Amino acid sequence: MRLTLCNEVLRGMLFSQQCALAAGLGYAGLEVAPFTLDAEAPHLLGTTWRQRLRAAAAEEGIAITGLHWLLVAPRGLSITSADPAVRARTLDVMQRLVGLCADLGGTYLVHGSPQQRQVAGPDDARRAEEALARAGDWAAAAGVTYCLEPLSPRETNWATTVAEAVAIVDRIGNPGLRTMLDTCAAGQGEAAPVDAVLDRFLPGGALHHIHLNDRNRRAPGQGEDRFAPILAALARHGYAGWCGVEPFEYVPDGPGSAAFAAGYLRGVMEHAA
């Protein structure tokens, strides 16, 4: 179980500075939101820039672990749209982001992007699954894993529980496609406590990745949620993947939020040990 910091928390800093700060706080990796690299077309980032980003992380002894918030930029993407042009553009971006992840040394992509997966028509869910099947193929070919992120009904109306996401992944049946768990979304949308959800789905290997955040959208330890049972469940089932710290509200600010989360989670783990 290793901590990686979702880099939009530090988006006001140069990427090299993000790497240095995260490493100094004890994070082993940075999980990158592509829009922080290029607000308009991150999927088209050139080879030289990709090499520079990877070198900046290596210089600080920190890994670029994966990508998340995949379809924020460019604007107008959707995996459910019936518009052929929108669909073709979205699939092209997804394929190129798989390549970006591999080029940066990442091993997974997290497909959240709630606004770009809203289901309104009778065929929308089918189109979403078809898009994920394609993404699984591209991921498998690139040697990475594409993860469907269950999000709460407050955010989207498709794949709103871990059970639903697992069923989608099982129907597609692609080894390059998995699911994951976000503790904020699970805390808001699951009927059972988060640790019970982990107890149910970790043993079968359905969960490839974890996001750690409080239901109040702040960093772990900055709300009512208690993370000792969550971390205990991960340890109990031998989870050896990455845990991405992903607050959405930064208190007192981005660096402060990242520092608090690192200290809090490290303290919980040391106390459990």
Side-chain angles (χ1 to χ4, degrees), residues 1-9 25-31 33 65-69 108-114 145 147-156 159-166 169 178-251 254 257-272:
M1 185 167 54
R2 300 160 292 172
L3 291 182
T4 181
L5 177 65
C6 293
N7 84 311
E8 72 275 4
V9 178
L25 292 174
Y27 290 95
L30 272 183
E31 183 176 314
T65 58
L67 305 181
H68 67 289
W69 273 24
Y108 61 86
L109 299 92
V110 176
H111 190 115
S113 302
T145 301
C147 299
L148 169 60
E149 181 177 25
L151 295 171
S152 79
R154 301 182 187 185
E155 300 174 274
T156 189
T160 59
T161 66
V162 172
E164 185 180 353
V166 168
V169 170
R178 302 277 291 282
T179 187
M180 49 87 66
L181 182 143
D182 177 283
T183 59
C184 175
Q188 292 174 346
E190 299 283 347
V194 174
D195 58 308
V197 177
L198 292 170
D199 282 336
R200 177 182 175 187
F201 290 105
L202 275 175
L207 303 179
H208 186 74
H209 188 56
I210 304 294
H211 275 164
L212 299 175
N213 34 34
D214 194 277
R215 277 177 293 178
N216 68 2
R217 298 175 60 82
R218 295 183 180 180
Q222 291 188 321
E224 297 298 321
D225 294 345
R226 289 294 161 263
F227 284 78
I230 293 171
L231 298 184
L234 294 174
R236 185 161 57 248
H237 297 288
Y239 178 74
W242 291 100
C243 290
V245 172
E246 189 190 28
F248 302 103
E249 297 180 5
Y250 313 142
V251 179
S257 175
F260 186 95
Y264 169 77
L265 292 169
R266 189 158 48 242
V268 172
M269 288 187 282
E270 289 176 355
H271 182 266

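In this text the structure is predicted, and so the values were computed from the model without any measurement.
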Trainee: Once side chain to side chain donor-acceptor pair (under 3.5 Å) is applied, do any residues pair with T4, and if so which ones, sequence neighbours excluded?
Mentor: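 Expected list: T65.
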Trainee: Please enumerate all residues that pass side chain to side chain donor-acceptor pair (under 3.5 Å) together with H68, with sequence neighbours excluded.
Mentor: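 With sequence neighbours excluded, H68 shows a side chain to side chain donor-acceptor pair (under 3.5 Å) to E8, E31, given in chain and number order.
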Trainee: Restricting to non-hydrogen atoms, name the atom on A258 and the atom on L5 that form the minimum distance, rounded to 0.1 Å.
Mentor: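 Answer, listing the atom of A258 first, then L5: CB-CD2, 3.8 Å.
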Trainee: The criterion is side chain to side chain contact (heavy atoms under 4.5 Å, CB included); which residues satisfy it with A192, sequence neighbours excluded?
Mentor: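 By the side chain to side chain contact (heavy atoms under 4.5 Å, CB included) rule, A192 matches A196, V197.
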Trainee: Measuring from atom CD of E246 to atom CG of L212, what distance do you get when rounded to the nearest 0.5 angstrom?
Mentor: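 Those atoms lie 10.0 Å apart.
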Trainee: Under the rule for ring-ring contact (aromatic ring centres under 6.0 Å, His included), what residues qualify as partners of H209, not counting sequence neighbours?
Mentor: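 ring-ring contact (aromatic ring centres under 6.0 Å, His included) check on H209 returns Y108, H211.
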Trainee: Once side chain to side chain donor-acceptor pair (under 3.5 Å) is applied, do any residues pair with Q188, and if so which ones, sequence neighbours excluded?
Mentor: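 Testing Q188 for side chain to side chain donor-acceptor pair (under 3.5 Å), a comparison that skips the adjacent residues, returns S152.
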Trainee: Looking at E149 and D182, would you say the former's side chain and the latter's main chain have a donor-acceptor pair under 3.5 Å?
Mentor: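 Pair absent, no side-chain N/O of E149 close to backbone of D182.
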Trainee: In chain order, what residues pass the side chain to side chain donor-acceptor pair (under 3.5 Å) check against D225, with sequence neighbours excluded?
Mentor: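 Residues passing side chain to side chain donor-acceptor pair (under 3.5 Å) with D225: R215.
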Trainee: Measuring from atom CE of M180 to atom OG1 of T145, what distance do you get when rounded to the nearest 0.5 angstrom?
Mentor: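 The distance works out to 12.5 Å.
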Trainee: For A206 and V166, work out which heavy atoms get closest and say how close.
Mentor: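 In terms of heavy atoms, the two residues are closest at CB-CG2, 3.8 Å.
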Trainee: Just by modelled atom types, is the G205 backbone N or O under 3.5 Å from a matching donor or acceptor in the R178 side chain?
Mentor: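 Checking the backbone N and O of G205 against the side chain of R178, a donor-acceptor pair under 3.5 Å is found.
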